[in-house]
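The figures that follow rest on heavy atoms only: side chains count, while hydrogens, waters and symmetry mates do not. Every value quoted in this text rests on a predicted model; they were computed, and no experiment measured them. A, B, ... follow the sequence lines: proteins, then strands. Residue 1 opens every chain.
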Amino acid sequence: MAAAVLSWAVRAARQVLPSYCTSQVRGYYVDWRMLRDVKRRKLAYEYADQRLRINAIRKNTILPKELQEVADKEIAALPRDSCPVRIRNRCVLTSRPRGVKRRWRLSRIVFRHFADHAQMSGIQRAMW
Amino acid sequence: STSSVLSAEKDESTASKTSTNEVASESKEGKAETPKQKLLNLIGDMKVEMSYSKKLKQLKTRDSKKQATNNLKGLDGEGTVHQRSTEDIQRGKPLNPELVEAASAVASSLPLNKKQTESELLAQLRRHEEITDKQKKGTTVDLRNVLSEMAIKKQSRAQRGVRISNRISLDLDEDIQNKSGIPSFISKRYFCCVLSQQNLKVGRRLNIFTKASTEKAALETASPPTIWDLEFAKEVAAVTAQPPRNGFEEMIQWTKEGILWEFPIDNEAGMEEDAEFHEHIFLEKHLENFPKKGPIRHFMELVICGLSKNPYLSVKQKIEHIEWFQNYFEEKKEFLQEI
């Protein structure tokens with residue numbers, strides 16, 4: 001099982017884009033934490049509908065309580081990484097978990113770096 | 001002159017008709033009457049049947065014949081008339097001798113050129129008879145004849161165009177050679193193509209080749225293209241894809257990829273076209289498998305209410321949603337019945 005996880009992780013880490021473009025493309029995630037975050041996002045996408053429906057049965061005043069308890073057990077049985085709460089909006093370039101602006105998906109340090117080099121569209125140093 | 005001839009005939013026919021109304025019933029066979037009146041009656045009858053297209057055809061033929069006569073008159077004298085009359089007789093069904101006499105009488109009565117009018121009238125009668133015969137037989141191949149007769153004019157036009165384009169090509173060749181350095185053979189080829197196009201359309205149809213209407217090549221036996229074919233196609237596309245030379249090509253590439261919208265902007269670009277609004281809103285028909293009363297029904301009605309207000313899901317997704325609940329509740333049926 002460890003070997004399977006390792007192979008899967010290696011494959012995920014070395015993702016080469018299946019196109020025939022000649023330019024070099026970086027296929028590595030910044031670090032393993034970013035990789036795990038990517039996994040969680042994928043699983044959350046897969047189980048989103050199911051979770052929504054089971055939650056609709058749970059958060060209900062009409063249906064009998066026994067049914068809701070069964071639904072509780074079912075949703076707990078789903079893989080842990082499928083819940084959206086576990087997703088962390090990391091910086092896309094540095095994988096920094098904190099200080100990330102949602103609009104640009106960048107951490108504050110990277111954002112500042114690019115803004116000072118005039119590589120952020122529409123960003124200007126504030127002065128008032 | 002042709003229109004004046006027709007108008008003159010019309011006036012005479014109306015005048016004659018009013019005068020000989022009583023005799024008209026007897027004279028339909030037309031032997032006791034004077035040939036003139038008989039001809040006029042015939043022409044009057046004919047006018048009712050003739051259509052505008054036929055008139056045009058006749059006018060065109062008359063014009064072509066006039067040109068021919070003008071060309072011939074310079075060379076010959078009266079002999080041309082006799083030649084043409086014999087030609088007329090030889091061509092199609094020989095005209096009624098009475099009609100010929102009547103035509104000559106009318107021509108003599110009219111102030112215009114007698115021989116010309118007589119020949120024109122005879123041609124008109126002959127053509128009318130031809131048309132009636134063909135219509136009786138059921139064959140309507142007049143267009144071919146008309147086209148062949150009209151081809152005389154067309155050829156001259158095409159030839160004129162050829163001469164003009166020759167002149168143009170010669171001039172342009174000189175300019176091109178001097179100025180931009182484009183090799184002259186390309187321009188010549190272009191003009192040759194133009195000329196050949198004009199010459200191809202001229203002439204009578206031989207009908208050697210049948211139209212390939214339903215001759216579609218048999219489709220490949222392997223109807224879905226194999227993965228190897230797809231890969232090969234992708235490779236070829238990737239190799240031949242040049243980087244965009246300018247902003248326009250870049251925008252074209254982006255539009256193909258889907259990054260850029262298509263202009264003029266279509267408000268319903270990504271939307272599905274198959275489902276109408278009533279399929280989105282009236283979802284009660286999917287609730288047939290559920291029990292009619294009880295908390296489950298209540299719950300499902302709320303679900304449907306929420307789905308009907310959802311503009312983001314497609315009809316298929318909504319149906320899938322309801323079916324999932326159906327399956328879920330069926331699995332839990334035994335459990336529910338214990339309660």
> Can you tell me if CZ on B:Phe263 sees more than 12 non-hydrogen neighbours from other groups inside 6.0 Å?
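More than 12 heavy atoms, drawn from other residues, nucleotides or ligands, come within 6.0 Å of this atom.
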> With rounding to the nearest 0.5 angstrom, report the NE2 to OG1 distance, B:His298 to A:Thr61.
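Result: 7.5 Å between the selected atoms.
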> Using the salt bridge (charged side-chain N to carboxylate O under 4.0 Å, His left out) rule, collect all pairs that involve residues 245-266 of chain B, keeping only residues at least two apart or in two chains.
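For residues 245-266 of chain B, and leaving out neighbouring residues, the salt bridge (charged side-chain N to carboxylate O under 4.0 Å, His left out) pairs sorted by first residue read B:Arg245-B:Glu249.
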> Which atom pair, heavy atoms only, marks the closest approach of A:Ala56 to B:Phe299?
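Looking at all heavy atoms of both residues, the closest pair is O-CE1, 3.7 Å.
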> To the nearest 0.5 Å, tell me how far A:Asp49 CG sits from B:Leu313 CG.
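A:Asp49 atom CG to B:Leu313 atom CG measures 8.5 Å (nearest 0.5 Å).
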> Is B:Trp261 atom CH2 crowded by more than 12 heavy atoms from other residues, nucleotides or ligands, each under 6.0 Å away?
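No, the 6.0 Å shell around CH2 holds no more than 12 heavy atoms from other groups.
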> Is chain B contacted by the side chain of A:Ile54, its backbone, both, or neither, given a heavy-atom distance below 4.5 Å?
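Contact with chain B is through both the backbone and side chain of A:Ile54.
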> To the nearest 0.5 Å, what is the distance between CZ (A:Arg53) and CD (B:Glu320)?
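Rounded to the nearest 0.5 Å, the CZ-CD separation comes out at 7.0 Å.
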> Report the residues that fulfil salt bridge (charged side-chain N to carboxylate O under 4.0 Å, His left out) with B:Arg297, sequence neighbours left out, ordered by chain and then residue number.
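If we apply the salt bridge (charged side-chain N to carboxylate O under 4.0 Å, His left out) test to B:Arg297, skipping adjacent residues, the hits are B:Glu301.
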> Can you confirm whether A:Tyr47 is buried at OH, in the sense that more than 12 heavy atoms of other residues, nucleotides or ligands lie under 6.0 Å from that atom?
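No, because the 6.0 Å sphere around OH of A:Tyr47 holds 12 heavy atoms or fewer from other groups.
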> Measuring from atom CD1 of A:Ile62 to atom CG of B:Leu302, what distance do you get when rounded to the nearest 0.5 angstrom?
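Spacing of CD1 (A:Ile62) from CG (B:Leu302) equals 4.5 Å.
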> Got a second to check how far B:Glu331's CD is from A:Glu74's CD, nearest 0.5 Å?
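Taking CD in B:Glu331 and CD in A:Glu74, the distance rounds to 7.5 Å.
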> Working to the nearest 0.5 angstrom, can you tell me the gap between A:Ile57 CD1 and B:Phe329 CZ?
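It comes to 4.5 Å.
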> Taking everything shown except B:Phe335 itself, do over 12 heavy atoms lie less than 6.0 Å from its CZ?
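Atom CZ in B:Phe335 is packed in, count exceeds 12.
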